Amino acid sequence: MQPKSRKRKQRAVVDTNIVVAGISGFRDQYQGRIPSADLLHRWADEEHFVWLYSEDILAEYKEVLKRLHVRSAAIGALINFIRERGESVEIRSFGEISPDPKDDAFCICAEEGRADFIFTLNPKDFPQSRLKAKVIQPDPAHGRRGR
């Protein structure tokens, strides 16, 4: 009897706007109202995908959340959780891929980390023609349990 082949988990880079939009879903009992929060919940609960990150990406998450007055303890907990459960990508190259230079770190992380997806609310900043990863927005239909 041959062993079952394991299905490779999808790999994804998560744009800061998804993190910001999704954070609101961690405040109360939540389900099904904000696709970004649903995506974060699915990852936290089921490790639905491999969250790829680089140090530049984590620095941006911290900077933006701090600017939005998210408590330092909450930011630290989120960053630690991503570090524990995600996969660090060592960036070896640099380049200009995005029309928004701040998004180049996400594009390069996706390319070097062999991401299947980039989750974002700003697809125009991630030129699909220059990326192997599929650029997608969280899908409201997939946020509900039982997917």
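Owing to the predicted nature of the structure, the values given are computational and were not obtained by experimental measurement.
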What are the two closest heavy atoms between Pro127 and Pro99, and how far apart are they? CD-CD, 4.0 Å
Could you tabulate the donor-acceptor pairs under 3.5 Å formed by side-chain atoms of residues 69-84, not counting sequence neighbours?
residue, atom, partner, partner atom, Å
Asn80, ND2, Gly76, O, 3.2
Arg83, NH1, Glu55, OE2, 2.9
Arg83, NH2, Glu55, OE1, 2.9

Of all heavy-atom pairs between Leu121 and Asn17, which one has the smallest distance, and what is that distance? N-OD1, 3.0 Å
Let me confirm one number: the CD1-OG distance from Ile23 to Ser36, rounded to the nearest 0.5 Å. 10.5 Å
Could you go through Tyr53 and Tyr61, starting from their C-alpha distance and side-chain angles, then the distance that decides it, and tell me whether this counts as ring pair (Phe, Tyr, Trp, His ring centres under 6.0 Å)? CA-CA 10 Å; Tyr53 67 88; Tyr61 292 166; 8.6 Å; no
Grab the two heavy atoms, one from Ala105 and one from Asp56, that are nearest each other, plus how far apart they are. CB-CB, 4.1 Å
Arg130 side chain vs Glu96 backbone, donor-acceptor pair below 3.5 Å: yes
Verify the distance criterion only: is there a donor paired with an acceptor across the side chains of Gln137 and Thr120 at less than 3.5 Å? no
Would you sort out whether Glu112 and Ile108 count as a side-chain contact (heavy atoms from CB on, under 4.5 Å), showing the intermediate values? CA-CA 6 Å; Glu112 293 197 7; Ile108 293 166; 4.0 Å; yes
Side chain proximity check, Ile136 to Phe119, heavy atoms < 4.5 angstrom: yes
Kindly indicate, with the supporting measurements, whether the criterion side-chain contact (heavy atoms from CB on, under 4.5 Å) is fulfilled by Ile57 and Trp51. CA-CA 11 Å; Ile57 289 172; Trp51 187 316; 5.6 Å; no
If every non-hydrogen atom of Glu60 is compared with every non-hydrogen atom of Lys102, which pair is closest and at what distance? OE1-O, 3.6 Å
When you look at Phe49 and Phe117, which way does the side-chain contact (heavy atoms from CB on, under 4.5 Å) test go after all the steps? CA-CA 10 Å; Phe49 59 91; Phe117 301 103; over 6 Å; no
With rounding to the nearest 0.5 angstrom, report the OG to CZ distance, Ser54 to Phe106. 7.5 Å
Taking every non-hydrogen atom, the tightest pair across Ala12 and Ala115: CA-CB, 4.4 Å
Ser98 and Asp104 have their tightest heavy-atom pair at N-OD1, 2.7 Å
Rounded at 0.5 Å granularity, tell me how far CD1 in Ile97 sits from OG in Ser129. 10.5 Å
Taking atom CG of Asp116 and atom NZ of Lys132, what is their separation to the nearest 0.5 Å? 12.0 Å
Check whether any side-chain heavy atom of Pro138 lies under 4.5 Å from a side-chain heavy atom of Ile18, and answer yes or no. yes
Quick check: are there more than 12 heavy atoms from other residues, nucleotides or ligands sitting under 6.0 Å from NZ of Lys9? yes
Under the 3.5 angstrom rule, does the side chain of Gln128 hit a backbone N or O of Val135 as a donor-acceptor pair? yes
Say you draw a straight line from CD1 of Ile118 to SG of Cys107; how long is it, rounded to the nearest 0.5 Å? 5.0 Å
Value rounded to 0.5 Å, distance of CZ in Arg11 from CZ in Arg114: 5.0 Å
Test side-chain contact (heavy atoms from CB on, under 4.5 Å) on Phe126 and Asp15; report intermediate values, then the result. CA-CA 10 Å; Phe126 296 89; Asp15 192 9; 3.5 Å; yes
